[in-house]
Amino acid sequence: MHLAVQLTLASLSQQVLVGLAETTTLFIVSSGLSLVLGVLRIPNISHGALYMLGAFLAYSITRMLGGTAAGFFASLLLAPLAVAFISLVVERFLLSRLYERDHLMLLLFTFALALVFNDVVNIVWGAGYRSMQLPSMFQGSFSFSGLFLPRYSLFLLCVGPLVAIGLWFLINRTKIGKISRAAAVHREMVGAVGINVSWVFAAVFMIGCFLAGLGGSLVAPTQSITQGMDASIIIEAFLIVIMGGLGNVWGALLGSLIFGLTDSLGVLIWPQFSIVFPYAAVIVVLLLRPAGLLRSTW
Amino acid sequence: MSEASSSLAYRLRSLRRLETFACLAAVIVLLLLPFVLPDFYVYFAALVLVTGLFATSLNLVLGYGGMYQFHHAVFYGAGAYAFALMLTKAHAPLWLACLCAPLVSAVLGFLIGAICVRLSKLYFGMLQLSLGSLVWAIVYRWYSFTGGDNGINEIPLPNAISSTTGAYYLTAVVVVVCLFLMYRIVNSPFGKIFQAIRDNPQRSEAIGVNIRLHQLKGEVIAAFFAGIAGVLYVVVEGTVVPDMLFWTVSLEVMVMCLLGGWYTFLGPLLGAAVIVGLRTFTGAYTEHWSLILGIILMALILWLPEGVLGLIVKPANSKMELSAETGRK
Amino acid sequence: MLRVEGICKSFDRFNALCGADLHVDSGKIVAVIGPNGAGKSTMFKVITGHWKPDGGRVLFRGEPISSLSPHQICRKGISMAFQIVNIFNRMTVFENVQAAVLSHRRQAGKIFRSASKMAVGQTMEILESVGLRERAGCIAGTLSYGDQKVLEMAIALSTRPKLLILDEPTAGMSPEETAVCTGLIRRLTAENGLTVLFCEHNIELVLSLSDEIMVMQGGKTIIQDIPEAVRQSPAVREAYLGGAP
Amino acid sequence: MRKLWALIVCLGIFFCMPFTACFASAAKPIRIGIVDTYSGPASYYSDDVRDAFLMIVDKINSSGGILGHKVQVLTRDDKFRVDLGLSEAKELIMREHVNILMGTINSAVSLAVSDLCKKEKVPFLVTFGKSAKITGADGNHYVFSVDENTAMIGKAAAIALAKKPYTRYWIAGDDYEYGHDLADSLWKNLKKRNPKAVLLGQSWWKLGEPDFTPYISAILAAKPDCLIVATGGPDCVSFLKATKASGLNHKLAVYMHTAAVSIKPLGMDGPQGVLSTDTYYTYFPETAANKKFVAEFEKRYHHEPNAGALAGYLAAVFIQKAYKKAGAINTEKFIDALQGTSVASPVGKVTMRAFDHEVVLPMFVGVTKKEPGFKYLVASDIVTIPGKQIMPSIAGIKAARAKH
């Protein structure tokens, strides 16, 4: 192993910045997964498929609105909403019948959902790949003193904290957040108090899936939108969630930071084997703290 | 009441006798198959047997041990890779490769198991999934050694076992022997205690069982048999690819166990036959295989969580679910 | 035989146990009573090793056991029947008991012997003694609630314990079942020379069965004495009647 | 028990159904099986392979077939998975008794199926798998390739790059066979032609990498003159986007195989000035044959053909020509006839090299640019490198096969 690049402060800080932008999408996707896992106790394998669906919907919505910047921003809102609506239908008609089953069944059921979503995408959008453009305001990059940062990465860096703050507000300041936090710890108790847990669950599931759709629509303009783009993100999201502590949204933030930064710094240090770094980080964390970094909700 | 229970015991015993009889018949049918069927179906039968062995080895820990074995394919792939690498890189004699490959799987099972058994249920499964993904990533990346995404082709095998019929007979014999061994294991004290841990880990600890150690042993045994299945896969297909270790394969095999019924011994084999059959033969009619699999799986979970064989064996314990639930409350 | 000295255990900020003491002498039947949430079940789980205490120690025959794991404690000769039914649902009654017997005989690791012929005599003997022989072939999960509790006790007995811990043995039972169960406990202890530690809400049962009674409240021991003395104790009266003189 | 029997009967009927279909066909058409990827991103090319192939086959059939036999085509979707592809290939060979097998875009499947075809003695035409091993080190009597391979791409790119003044290189690509093979071949040939070239470093990302920005910033930090991108399929599009977003193409030279084709989905927003090697453009060569082919294809499928269509076209005309030359529907005669055969194609006369069964294809080198009259960036200043110059050396292949 040799250092391919002279490690300078500049290149290091550049890599950190870029890694943080990558963290944003990881955090958005994995926090949704973590929320669903914590409150509903569903290891939602179809989360990745919903992310993919979000990307495809963002593509279609942007196109329908004429491919303008306004269309892109509209798609950032509408595509996740559409995903959330689909997830609501799925939750009400299918998942709500299965809450009492064990995790294994739920895992397999969501795997089935992922399979179905994949083929639905195949039927609706065709088998090939799609590509959408960044709105012109996000094209190009900023450069200052030898560093460069794509404008869109900067945009992502702004969106990440916004989502985190929104989640914090939702969990700590709203009724639904409080109920769901209680439900995550004592499900029976909340039901006994007379709160309709079923609808709280539906709402939380929708929010979780909204985040998956948001992640998908955020990455849609930067990569080609294809079937199977869910296969790697879902594993990464699960790794992040177990690294952070099952069901802990802040754990998801911490996990995605570790994952995103080891990934981007790994590229700088040992580009040929950079993929190994995040995995290694996960294993080290889990060897030291088998139950994740932060307290899990159960 | 005693009448009822003795008739129940009788029924169980007669069921067991029926099973033995059916097994003998099945072995004879298996031996005669290549004389009746065209080549392709012989190959298909071999593939079903290999996948069935793989699924049964998973069921050893999943159905009988109650462990959330989310990434069993790693051991399957490890066996296959160890076998292929020993033949192509080390030019080892065939018998040695056959012997060592499952041991490599077992060692991997020990390593992964030793890390994972400290945790239980979902954590166990998730950690295993991530460790397995790491193994996959290494296999996929390590070009000079594993051949990367192309896998290993042109594995030198004598014609006697690489021809369709030869591979079939080897597979059939090995699978039957392995199934017999696994049946013995399931019904041994080890297997009984394993089932006890599945039903109630807390209780098992309280009767003096070291459940971590027991689960680790189970993991190693299951990995060993998965490794054998991996070797047979190489014999039947003549190739090894990193796809074998991908996480979706593990879930597909889990679906086989679920479909056949994971509280039954032969369920996974039946599930493997149905899934492999559907996958092979629907290809001629439709490209929407994953949609079909998804719908089958949903229907199973909603209406048939005990699996097909589970449904048939059910009369013996139909009341169980109900009172088990009331008992829990 | 068993000494519990000042054990503490807290969950989050809630102190389930803070300095509970208990001693059980060989051959005695000791009952633990106290209001809900007094820490009875927690103490039992600490004794059997399911939870590690935050402070204090547990001695069994003079040996500290609080750092051991449940299966090691079981090997020392302590066996417990749980409050919530804890049997192996999907296995037959016979297999339930057999598993415990095999584990006790240290045959759990035997992989290539058929279990169906092993330990049959001893298993059937135990089933006979608790009156479940007829049900041997039934799937355990299909038994009636009372029978499941009895089976639970049978499993606990199968490891040949020196000390048997029963966590609310008759909770949820009908009066008839309770009577049967009480008789069973009395007979089994007499036959096997067991030392028994149990907790129970049914005061009549406690008074009729136990040699000594320990009273707990708020995670502390209030008193441990013979039933008559406990009945007279002002401290107990205070605990149960909420400070009335 | 009754349920069990019902299940067994149902399964039996299901599995025997295709059996009956097998016996029903009395006439004996030429059966051609295609195993390829029809779901997921790779289908962008494999759909065109199939479509162009079917288009030519329809023409053949409507003019009376080959030697009086109609051509029948069976397709199977391997989902980019080797195990599926292999079992489908076996199904096509053993159950459907195909005369010829074709496919597939996944080199791993191509290699595995090629091994099988050697055993089963069925000719196998690789349509879009680009591993040089297929007809190189792992080549055999039954496998043919009708598209370019990584050895050829590498050689063509080396020829093009050696003419440029760059010396400091960086290689980046998909971490799978295609990327590594391409990079190896390119670097070996470039080093021969330009001994001053130095390799500063390499980065390999996973297939389907969602975010290239960390890689790009790491590459920029090393300040190379030229970046060689060895990536394929949808990753080309993603990488071109990242190139544009980061302004990479203004800071250093970028080379990528099929850049000028992959840039199409980006419309006018693709990065300019990317050096590209391609085997086929709809707008080049500007010959009557190509214009006719494009027009026919567009009329039938309502979109422009891509490089996959050329492979599909070549496969069909090679099969037709070889059977006609052989004069009988016979595998060995077919193989003998196919070796060294030439056919006319949209890119001119194309020959199947007899020794290694690799097609001799010309390669077009161009630079992406905005051109009037196009809705997307196109390759400009196109230089054609004749097929003969880029073919891998026979001596090299012999050596590689001997080592095996």
Side-chain angles (χ1 to χ4, degrees), chain A residues 37 41 43 45-46 49 90 94 97-98 100-123 127 188 227-228 231-232 234-236 238-243 245-247 272-276 278-280 282-283 285-287 290-292 296 298, chain B residues 62-63 66-71 115-138 140-143 246-248 250-252 254-255 257-259 262 286-303 305 325 328-329:
Chain A
L37 201 52
R41 317 225 167 138
I45 289 270
S46 68
V90 168
L94 297 170
R97 296 155 192 265
L98 297 170
E100 296 307 317
R101 303 288 186 83
D102 63 21
H103 300 310
L104 196 58
M105 286 295 195
L106 290 168
L107 181 97
L108 284 176
F109 194 84
T110 54
F111 175 56
L113 284 175
L115 289 173
V116 170
F117 283 141
N118 253 302
D119 237 19
V120 165
V121 164
N122 193 350
I123 291 165
E188 298 77 16
Q227 260 183 80
S232 64
I234 185 66
I235 290 294
E236 284 170 10
F238 265 119
L239 291 181
I240 287 167
V241 168
I242 51 171
M243 187 157 55
L246 290 193
Q272 286 93 328
F273 268 91
S274 60
I275 195 178
V276 176
Y279 281 105
V282 173
I283 288 173
V285 166
L286 289 177
L287 282 178
S296 79
W298 36 293
Chain B
L62 186 73
M67 292 158 74
Y68 282 8
Q69 184 90 340
F70 285 171
H71 210 340
I115 297 174
C116 295
V117 289
R118 294 189 296 163
L119 305 173
S120 56
K121 293 287 159 185
L122 197 56
Y123 266 110
F124 172 90
M126 292 317 239
L127 186 55
Q128 197 194 35
L129 197 59
S130 50
L131 288 172
S133 298
L134 182 73
V135 174
W136 171 81
I138 291 170
Y140 192 82
R141 298 250 135 183
W142 197 354
Y143 268 82
F246 200 56
W247 61 272
T248 49
S250 294
L251 290 192
E252 257 176 48
M254 244 192 238
V255 175
C257 293
L258 171 65
L259 175 64
W262 44 31
T286 172
E287 280 167 14
H288 299 294
W289 157 241
S290 60
L291 187 69
I292 296 170
L293 182 64
I295 289 172
I296 291 175
L297 182 49
M298 283 192 194
L300 270 178
I301 294 170
L302 284 172
W303 294 298
E325 259 159 43
R328 215 172 293 148
K329 277 161 195 167

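The figures that follow rest on heavy atoms only: side chains count, while hydrogens, waters and symmetry mates do not. This one's a predicted model, so the numbers in the text were calculated from it and none came from an experiment. Letters go in sequence order (proteins before strands), and every chain restarts at 1.
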Looking at every heavy atom in both [X] and [Y], which two are closest together, and how far apart are they?
| X | Y | value |
| --- | --- | --- |
| B:Pro305 | A:Arg101 | CB-NH1, 3.9 Å |
| A:Leu286 | B:Arg118 | O-NH2, 3.8 Å |
| A:Phe238 | B:Met126 | CD2-CE, 2.8 Å |
| A:Met105 | B:Trp262 | CE-CZ2, 3.6 Å |
| A:Leu94 | B:Met298 | CD1-SD, 4.2 Å |
| A:Ile235 | B:Ser133 | CG2-OG, 3.7 Å |

So for [X], is it side chain, backbone, both, or neither that comes closer than 4.5 Å to the heavy atoms of chain B?
| X | result |
| --- | --- |
| A:Leu107 | side chain |
| A:Leu108 | both |
| A:Ala231 | both |
| A:Ile283 | side chain |

Roughly how far, to the nearest 0.5 Å, is CZ of A:Phe109 from CG of B:Leu258?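 Reported value, rounded in 0.5 Å steps: 11.5 Å.
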### Task
Look up atom CG in A:Leu287 and atom CG in B:Leu127, then write down how far apart they are to the nearest 0.5 Å.
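Taking CG in A:Leu287 and CG in B:Leu127, the distance rounds to 8.0 Å.
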>> At a heavy-atom distance under 4.5 Å, which candidate from A:Ile45, A:Val241, A:Leu104, A:Val282 has the highest pair count against chain B?
In response: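 Most heavy-atom pairs under 4.5 Å with chain B: A:Leu104.
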Which of the residues A:Ile123, A:Asn118, A:Leu106 is involved in the greatest number of heavy-atom pairs with chain B at under 4.5 angstrom?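 Heavy-atom pairs under 4.5 Å are most numerous for A:Ile123.
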For this session: Determine whether B:Leu302 and A:Leu98 make a side-chain contact, defined as any pair of heavy atoms from C-beta on separated by less than 4.5 Å.
Result: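 Answer yes - side chains close enough.
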Should B:Tyr68 and A:Asp102 count as side-chain neighbours, where that means a heavy-atom distance under 4.5 Å?
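Yes, their side chains come closer than 4.5 Å.
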Among A:Asp119, A:Val120, A:Val116, whose side chain to side chain contact (heavy atoms under 4.5 Å, CB included) with B:Ser290 holds?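 Exactly one option meets the side chain to side chain contact (heavy atoms under 4.5 Å, CB included) with B:Ser290, and it is A:Asp119.
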Sort [X] into side chain, backbone, both or neither according to what part of it lies under 4.5 angstrom from a heavy atom of chain A.
| X | value |
| --- | --- |
| B:Leu119 | side chain |
| B:Ile138 | neither |
| B:Ile292 | neither |
| B:Leu291 | both |

| task | Quick one: list whatever passes side-chain hydrogen bond (donor to acceptor under 3.5 Å, both in side chains) with A:Asn122, sequence neighbours left out. | result |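 With sequence neighbours excluded, A:Asn122 shows a side-chain hydrogen bond (donor to acceptor under 3.5 Å, both in side chains) to no residue whatsoever.
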Contact leader toward chain A among B:Trp247, B:Trp289, B:Phe246, B:Phe70, where contacts are heavy-atom pairs under 4.5 Å
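Ranked by heavy-atom pairs under 4.5 Å with chain A, first place is B:Trp247.
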